[in-house]
Amino acid sequence: MDYQVVLPVFEGPMDLLLHLIDSNELDIYNIPIAFITGQYMDYLNQAQEIDLTLSGDFVLMAGTLLTIKARTLLPKRTQPSEEEGAPEDPRDELVEKLLEYRLYKEKASEFKAMEHSQSRIFFREVDDKSLLKLFPAPNPIGKLTTEDLSKTFMQILESMISRERTLQLPKETVTIQARIAFLLKVIRQQPGGIAFRSLLGGDSLRTVVTTFMALLELLHRGRIWARQKEAFGEIYIFYNDLYRKEGDPGEFVS
Amino acid sequence: MNLFPDEGKRLLEALLLCSAEPLTLKVLTEITDYESSEILDLLSEIQRDYQQQSRGFALTEIAGGWMFATYPEHAPYIEKLVKPRLSSLSQAALEVLSIVAYRQPITRAEIEEIRGVSCDSSLGTLLDRALVEEKGRKDAPGRPILFGTTTDFLKYFGLSSLKDLPAFPSLPAGGEDDRSTDHTICS
Amino acid sequence: MNLFPDEGKRLLEALLLCSAEPLTLKVLTEITDYESSEILDLLSEIQRDYQQQSRGFALTEIAGGWMFATYPEHAPYIEKLVKPRLSSLSQAALEVLSIVAYRQPITRAEIEEIRGVSCDSSLGTLLDRALVEEKGRKDAPGRPILFGTTTDFLKYFGLSSLKDLPAFPSLPAGGEDDRSTDHTICS
């Protein structure tokens, strides 16, 4: 026959332990550790059977309980310890934690009662936005004048100019790709070849470098060819006519 | 009707307190166990009570409903309560505002290029205070937002148009057209 | 002071009507021309007036300020008028909240140490509902976030300040020493 086991749900291992202590009317200061560990393990097993997912914290506590149980089972040292007084009870730390947790659990139920009674109290509702619209908008500029604007703008321009002076090298956004397209177009228009030097003139260092790399790339791909009549003489760059027939649009397609 | 008359007034007061909008007769008859005529009687009783006791607010009929409203004499105090007090603009915000004023429409990236530092929070402040607003998008990669000054900006600085901004004697003449396309400020 | 005494009550009533949040003594002294002691007197007069006249709402001291609030008996009607409240807090959330309330500022790890179980989802709920907020970081390895309660927390539970929290018996002796330095609330 089918029957459902309804297992109480706990807010954590501490909650479960407190439940076991309370429902068995045990003295929290003198927990029969073997007994409580047994009950705790029973709950865990039952939960497993009915496929109730418990967090790893429950297993961790089981480990703690078993450790305490093992320590209480070990024969106590009979020799008087160096310091006088009773030997430390392995349950002490757990008991202290349980007591602390129980306090907060009690407070939680007080909060629940307060929540309930307060849920029946309502406060004044105000439509802030429409209320605000009744009043002129606050002055957003304070005592600023147009003079402040123009003076500030002049200062920014001055600092911008001095910044550019110190930076020297303006950023350029010339890419090899763009340079390749440009070169193909220029070289294609010069069937008689174009002087290498003329391709590199007049630009910034960065553009010269980019242009040179673009030329190397085009040579490598066989889109252009170069000829030098004599050592240290002018290098001429020619368009590869094989591509001209196909109606090269003058753009580099990789 | 299952409540004592005085209970009725108390209930209506409570409902009026919890409503940010005018309460209509329709809503009140739906919520309470009273007939419209009873509710109207109760409302005018509350109205009279508040007047006679010279309370700090009155029950007024407005926009087809009833709501508690304050007296005009208290407006200056209520204004202080609800209106956020604005701090003066920071130096950074003033800088961004001056750039936008003289170079609009301008993108965030362009402002940052001129100032050499990020302008996110300053621009946010200026947008919040309605001194600067979006003015469409630039026809450039990424279609960045263009910013410009608002009519409030003109109003607060006492300008009738942007042409009334103080001129720059040291700024080279010309280049008015290409200003919007590239950065010719210091060229 | 430049107003008649009765004028003072009227002004405070008007301000209370227009405030969506508890009005603090600080704000009231800033806005009006009255001294704190005068304001406190006027507020308790208003409080008494409303009680004696058995008005439909009361002036309550809550979350560090004053606010008009309704009586529980009207809840069934008001619930029909205003947007439904959020569901009540789960047992787990209440436990986490009680730990935060008494031990603030406290880190997530410290909360978990007390409950023996993870508190991610409960803490998330409490942060979402603005009952708990971040209160800086602890000066410890990893600089963990410290959590504390908000003014909404006080409002939610009908408390006027943290001093009104239900009394907390002192913890068993021999607790950690650092508790008294970091968390003075429950020491």
Side-chain angles (χ1 to χ4, degrees), chain A residues 8-19 28-29 54-65 88 92-132 134-135, chain C residues 16-22 57-58 60 62 67-76 78-79 81-83 85-86 88-103 111-119 122 155-159 165-172 174-175 186:
Chain A
V9 177
F10 296 98
E11 291 305 334
M14 304 284 272
D15 194 23
L16 169 55
L17 269 182
L18 274 184
H19 169 80
I28 197 163
Y29 293 99
L54 294 180
S55 74
D57 302 296
F58 281 89
V59 184
L60 190 69
M61 177 60 82
T64 309
L65 287 173
E88 200 185 291
D92 283 355
E93 199 189 328
L94 181 66
V95 167
E96 199 181 299
K97 277 186 165 187
L98 278 170
L99 288 171
E100 186 179 12
Y101 173 69
R102 191 164 72 177
L103 273 178
Y104 290 112
K105 202 168 134 66
E106 279 165 17
K107 293 298 143 191
S109 62
E110 283 181 56
F111 277 129
K112 195 174 184 59
M114 285 155 66
E115 179 190 42
H116 181 71
S117 62
Q118 195 62 22
S119 75
R120 293 153 60 80
I121 308 273
F122 293 83
F123 294 101
R124 168 71 179 152
E125 288 288 331
V126 176
D127 185 354
D128 286 336
K129 277 183 190 153
S130 61
L131 192 59
L132 199 56
L134 298 175
F135 301 102
Chain C
L16 287 163
L17 189 82
C18 294
S19 177
E21 291 299 316
F57 47 87
T60 51
I62 189 143
M67 240 189 145
F68 285 132
T70 62
Y71 290 100
E73 66 213 69
H74 294 136
I78 300 166
E79 274 162 6
L81 181 70
V82 300
K83 55 180 186 288
R85 285 177 188 262
L86 294 168
S88 49
L89 294 169
S90 70
Q91 182 61 29
L94 283 167
E95 284 184 16
V96 172
L97 191 58
S98 77
I99 293 169
V100 174
Y102 288 97
R103 291 274 308 250
I111 299 168
E112 290 178 350
E113 170 76 21
I114 292 170
R115 290 186 68 232
V117 69
S118 149
C119 67
S122 299
K155 221 172 141 188
Y156 188 79
F157 289 101
L159 300 164
L165 282 173
F168 198 82
S170 54
L171 290 169
C186 59

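Residue numbers begin at 1 in each chain, while the letters A, B, ... track the order of the sequences.
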- Task: Select, from C:I62, C:T60, C:L97, the one with the greatest count of heavy-atom pairs under 4.5 Å involving chain A.
- Result: C:I62
- Item | Closest heavy-atom pair and its distance - A:P13, C:G116 | CG-O, 3.3 Å
- Heavy-atom proximity to chain A below 4.5 Å, by part of C:S122: neither
- Message: Nearest 0.5 Å, please: how far is CD1 in C:I114 from NZ in A:K97?
- Response: 9.5 Å
- Message: Could you measure the distance from the OH atom of C:Y102 to the OH atom of A:Y104? Nearest 0.5 Å is fine.
- Response: 9.0 Å
- Task: Show your working on side-chain contact (heavy atoms from CB on, under 4.5 Å) between C:L159 and A:M114 and close with a plain yes or no.
- Result: CA-CA 9 Å; C:L159 300 164; A:M114 285 155 66; 3.6 Å; yes
- With a 4.5 Å cut-off on heavy-atom pairs, point out which of C:A20, C:A75, C:P72 contacts chain A the most. C:P72
- Query: Heavy-atom distance under 4.5 Å to chain A: side chain of C:Y156, backbone, both or neither?
  - Reply: both
- Query: Which bit of A:I121 is near chain C, if near means a heavy-atom gap under 4.5 Å: side chain, backbone, both or neither?
  - Reply: both
- Message: Tell me which of these, C:E112, C:H74, C:K155, has more heavy-atom pairs under 4.5 Å with chain A than the rest.
- Response: C:K155
- Task: Under 4.5 Å, counting heavy-atom pairs only, tell me which of C:L16, C:V82, C:L17 racks up the most with chain A.
- Result: C:L17
- Among A:L60, A:D15, A:D57, A:L16, side chain to side chain contact (heavy atoms under 4.5 Å, CB included) partner for C:V117: A:D57
- Query: Do any N or O atoms from the side chain of A:K107 and from the backbone of C:A167 form a donor-acceptor pair under 3.5 angstrom?
  - Reply: yes
- Spacing of A:D127 atom CG and C:C18 atom SG [to the nearest 0.5 Å]: 11.5 Å
- Note on the structure: Assert top hit (heavy-atom pairs under 4.5 Å, partner chain C, pool A:F122, A:F123, A:F58) equals A:F122
- With distance as the sole test, does A:E11 use its side chain to make a donor-acceptor pair with the main-chain N or O of C:E95 at under 3.5 Å? no
- So which heavy atom on C:L89 is nearest to which on A:E115, and how close? N-OE2, 2.8 Å
- Message: Does any backbone or side-chain atom of C:V96 lie under 4.5 Å from a heavy atom of chain A? Answer side chain, backbone, both or neither.
- Response: neither
- Contact origin within A:E110 toward chain C - heavy atom pairs under 4.5 Å: side chain
- Item | Contact winner vs chain C - A:E125, A:H116, A:K112, A:M61, heavy-atom pairs under 4.5 Å | A:K112
- Query: Take atom CD in A:E106; do more than 12 heavy atoms of anything else shown fall under 6.0 Å from it?
  - Reply: yes
